[in-house]
Amino acid sequence: MARPAPETIKTMADLRVCIDEIDSAVVGLLAERERYTDRAPDLKAREGIAARAPRRIEAVLDNVRGKALSQGLDPELAEAMWRIMIEAVIAREERVIGKEGIDG
């Protein structure tokens, strides 16, 4: 179902319905992303890649900033959100595979 354009919405109740629908979709995508990142510890361990790989972190953040800019999202907000996700993923990975490995 297509949502109305934000500028056409007349009440907070209608606006909140749209925001709640978007939140649901975003959470679904984040859950899918997490399922993929849950696979990383096994692959990183096999390939000798550290949980914290600074070059990859910067590449991901650069990519997110670029996508945010192209889609009209504040790139600083996007980067801050991704930094939180990245740190959470790294913490989980380090509990599984430790801190050793290459910057892959």
Side-chain angles (χ1 to χ4, degrees):
M1 181 173 136
R3 282 182 286 282
E7 63 275 6
T8 67
I9 296 173
K10 303 292 184 208
T11 68
M12 279 305 299
D14 290 342
L15 182 66
R16 288 176 178 150
V17 167
C18 293
I19 292 170
D20 289 347
E21 288 174 359
I22 294 166
D23 287 349
S24 180
V26 168
V27 168
L29 288 170
L30 291 174
E32 180 179 6
R33 184 185 194 281
E34 187 172 83
R35 289 189 293 277
Y36 280 89
T37 62
D38 284 347
R39 180 75 174 114
D42 289 339
L43 298 175
K44 284 183 173 183
R46 183 182 317 152
E47 296 176 26
I49 299 171
R52 181 176 300 281
R55 287 192 312 243
R56 175 62 181 156
I57 292 169
E58 289 310 310
V60 169
L61 293 174
D62 287 347
N63 187 37
V64 165
R65 287 182 68 85
K67 287 181 191 245
L69 273 171
S70 72
Q71 296 185 40
L73 176 63
D74 177 351
E76 290 181 18
L77 173 61
E79 181 178 339
M81 292 166 44
W82 255 256
R83 282 190 184 278
I84 291 168
M85 287 191 300
I86 288 168
E87 288 304 316
V89 168
I90 289 170
R92 282 196 331 260
E93 289 176 358
E94 286 180 341
R95 286 192 296 274
V96 174
I97 64 172
K99 297 183 179 186
E100 300 303 316
I102 62 171
D103 180 7

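Quick note: residue numbers are just sequence positions, from 1.
Linking ILVMFWY side-chain heavy atoms closer than 4.5 Å, directly or via other members, places Ile84 and Ile86 in two distinct hydrophobic clusters. Residues Leu29 and Ile22 fall into different hydrophobic clusters, defined by Ile, Leu, Val, Met, Phe, Trp and Tyr side chains chained together at heavy-atom separations under 4.5 Å. The hydrophobic cluster containing Met85 also contains Ile90, counting ILVMFWY residues as joined when their side-chain heavy atoms lie under 4.5 angstrom apart, directly or transitively.
For Asp20, the side-chain contact (heavy atoms from CB on, under 4.5 Å) partners are Asp23, not counting sequence neighbours.
Residue pairs meeting the side-chain hydrogen bond (donor to acceptor under 3.5 Å, both in side chains) criterion with at least one member in residues 5-19, sequence neighbours excluded: Thr11-Asp14.
Annotation for Val17: hydrophobic cluster partners, listed by chain and number, are none (ILVMFWY side-chain heavy atoms under 4.5 Å, direct or chained). By the 4.5 Å side-chain criterion applied to Ile, Leu, Val, Met, Phe, Trp and Tyr, Leu69 is assigned to no cluster and stands alone.
Lys99 places none of its side-chain heavy atoms less than 4.5 Å from the side chain of Arg52.
Considering CD of Glu76 and CE of Met81, their distance stands at 13.5 Å, rounded to 0.5 Å.
In Glu87, the CD atom is crowded: over 12 heavy atoms of neighbouring residues, nucleotides or ligands sit closer than 6.0 Å.
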Side-chain donor-acceptor distances from residues 55-68 under 3.5 Å, at least two apart:
residue : atom : partner : partner atom : Å
Arg55   : NH2  : Asp103  : O            : 2.5
Arg65   : NH1  : Glu79   : OE1          : 2.7

Show me the donor-acceptor pairs, under 3.5 Å and distance only, between side chains in residues 36-45 and residues at least two apart or in other chains.
residue : atom : partner : partner atom : Å
Thr37   : OG1  : Glu34   : O            : 3.0
Thr37   : OG1  : Arg92   : NH2          : 3.4
Asp38   : OD1  : Arg92   : NH2          : 2.8
Lys44   : NZ   : Ala51   : O            : 3.0
Lys44   : NZ   : Glu93   : OE1          : 2.7

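Residues Pro4 and Cys18 share a closest heavy-atom pair of CD-SG, 3.8 Å.
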